[in-house]
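Just so we're on the same page: letters track the sequence lines, and every chain starts at 1.
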Number of protein chains: 2
Amino acid sequence: MKIGELSKTSGCSIQTIRYYEKEGLLADPERSEGNFRLYSNKAMKELEFIKHCRSLDIPLANIKRLIELKNKPEESCLSVNILIEQQLTLVNKRMKELKALKKELQQMASTCGSGSTIETCGIIKSLDS
Amino acid sequence: MKIGELSKTSGCSIQTIRYYEKEGLLADPERSEGNFRLYSNKAMKELEFIKHCRSLDIPLANIKRLIELKNKPEESCLSVNILIEQQLTLVNKRMKELKALKKELQQMASTCGSGSTIETCGIIKSLDS
DNA sequence: CTTGACTCTATAGTTACTATATGTTTTATA
DNA sequence: TATAAAACATATAGTAACTATAGAGTCAAG
């Protein structure tokens, strides 16, 4: 299939597919006589793998490592596990931060006293302190 | 004070301060005879305001709007409120996403069965599906 | 044989900074 | 006073993961 079809069935934009190729996450595909990229079902699966990893917010560099590991089936899966644990740690950290953000933003919003002027607005006041 | 001192007392890097100036978030400061930036306490407070907003993950463009609003004390604070509510919506959305991420990552980690090979690793399997 | 859809490469823009190169000014020391 | 070190100046490039655009080539249908 050509890149347009791959794009539609995968849900990745054409530019993104080409970008993944440039970054070495997708193998260079075969080319048609007229230099169009031609993809196999295998390429499609590789793209799905990347998509799934991205949906977990795993950075491209780590996805690259996962793909390399995937191609060494006999090796220990310890590094895979470490990578996922690291991702989990990151997510937990960010969640904590967001919880704090949420709390402060909610407090601020509640002090606005809408309908009044900026001069007396509780939000601006709390941002100022 | 010069930029180094402002940087130290505010906790913003020198480059960041200059960047905020370039982006129009900080007013162009006075200059010494030798062209060094000279800051007042007012500038310091403006920087603190920006810092506080950034700690709430408010994007620079919106901070710029907040600063403009701040300088119109007699206007309605409605737009301030909308801006903060939008930020809150964003944070809530991201939190939901992170919760889902966390769940899936945890499930994946638990299927690893560490000590085994990549071939049999539950993590890679779940990423493949 | 031409039109339109699709594809190609290369390049610039996005966000909020950080890092680097190169040059000038000020401050401290010899 | 000479000089060396520290602080400052501007301009430019790099970061992550794309998205958007420009300008040109390819292909199928009418």
Participant: Sub-3.5 Å donor-acceptor pair from the side chain of A/Thr89 to the main-chain atoms of A/Glu85, do we have one?
Facilitator: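 At least one qualifying donor-acceptor pair exists.
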
Participant: Using side-chain heavy atoms (C-beta onward) and a distance below 4.5 Å, is A/Ser79 in contact with A/Arg65?
Facilitator: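 Yes. Closest side-chain heavy atoms under 4.5 Å.
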
Participant: Test your reading of the model: is there a side-chain donor-acceptor pair from A/Thr16 to the backbone of A/Cys12, 3.5 Å cut-off?
Facilitator: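 Side chain of A/Thr16 to backbone of A/Cys12, a donor-acceptor pair under 3.5 Å: no, none is there.
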
Participant: For DNA chain C, which residues in residues 83-102 of chain B have a heavy atom at a distance below 4.0 Å?
Facilitator: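 Heavy-atom contacts with DNA chain C come from no residue of residues 83-102 of chain B; none.
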
Participant: Are A/Leu25 and A/Tyr19 packed together at the side-chain level, in the sense that at least one heavy-atom pair is separated by less than 4.5 angstrom?
Facilitator: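 They are not in side-chain contact.
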
Participant: Kindly calculate the angle separating the two end axes of the helix from C/dC1-D/dG30 to C/dA30-D/dT1, each obtained from five base pairs, and round it to 10 degrees.
Facilitator: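 Inter-axis angle at the termini of the helix from C/dC1-D/dG30 to C/dA30-D/dT1: 30°.
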
Participant: Just the table, please: protein N/O against nucleotides 25-28 of chain D N/O, every pair under 3.5 Å.
Facilitator:
{"residue": "D/dC27", "atom": "OP1", "partner": "A/Gly34", "partner atom": "N", "Å": "3.3"}

Participant: With sequence neighbours excluded, tell me which residues meet side chain to side chain contact (heavy atoms under 4.5 Å, CB included) with B/Glu68.
Facilitator: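 Side chain to side chain contact (heavy atoms under 4.5 Å, CB included) list for B/Glu68, sorted by chain: B/Lys64.
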
Participant: By a strict heavy-atom criterion of less than 4.0 Å, which residues belonging to residues 45-69 of chain A are in contact with DNA chain D?
Facilitator: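 A/Arg54, A/Pro59, A/Leu60 - these, ordered by number, are the residues of the stretch whose heavy atoms sit under 4.0 Å from the strand.
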
Participant: Would a distance-only check, ignoring hydrogens and angles, find a side-chain to backbone donor-acceptor pair under 3.5 Å from A/Ser10 to A/Leu6?
Facilitator: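 Indeed, once roles are kept as given, a pair shorter than 3.5 Å links the two residues.
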
Participant: Could you list the residues that satisfy salt bridge (Lys or Arg N to Asp or Glu O under 4.0 Å) with B/Lys102, not counting sequence neighbours?
Facilitator: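 With neighbours one apart ignored, the set is empty.
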
Participant: Can you pull out every salt bridge (charged side-chain N to carboxylate O under 4.0 Å, His left out) where at least one residue sits in residues 43-53 of chain A? Sequence neighbours excluded, please.
Facilitator: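 For residues 43-53 of chain A, and leaving out neighbouring residues, the salt bridge (charged side-chain N to carboxylate O under 4.0 Å, His left out) pairs sorted by first residue read A/Lys42-A/Glu46.
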
Participant: Suppose we screen for side chain to side chain donor-acceptor pair (under 3.5 Å). Which residues come up paired with B/Glu97, at least two apart in sequence or across chains?
Facilitator: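 Side chain to side chain donor-acceptor pair (under 3.5 Å) list for B/Glu97, sorted by chain: B/Arg94.
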
Participant: Does B/Ile58 offer a backbone N or O that forms a donor-acceptor pair with the side chain of B/Arg54 under 3.5 Å?
Facilitator: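 Present.
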
Participant: Once salt bridge (charged side-chain N to carboxylate O under 4.0 Å, His left out) is applied, what residue pairs with a partner in residues 24-40 of chain A remain, sequence neighbours excluded?
Facilitator: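 Found A/Glu21-A/Arg31, A/Glu21-A/Arg37.
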
Participant: Holding to side chain to side chain contact (heavy atoms under 4.5 Å, CB included), I want the full list of residues that pass it with A/Lys8, two or more places apart in sequence or in another chain.
Facilitator: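 None.
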
Participant: For DNA chain C, find the residues of residues 5-28 of chain B with a heavy-atom distance under 4.0 Å and give them by number; none if there aren't any.
Facilitator: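 The answer is B/Ser13, B/Gln15, B/Thr16, B/Tyr19, B/Tyr20.
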
Participant: Got a sec, which pairs hit salt bridge (charged side-chain N to carboxylate O under 4.0 Å, His left out) with one end in residues 118-129 of chain B, sequence neighbours left out?
Facilitator: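 Applying salt bridge (charged side-chain N to carboxylate O under 4.0 Å, His left out) to every pair that reaches into residues 118-129 of chain B, excluding sequence neighbours, yields A/Lys70-B/Asp128.
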
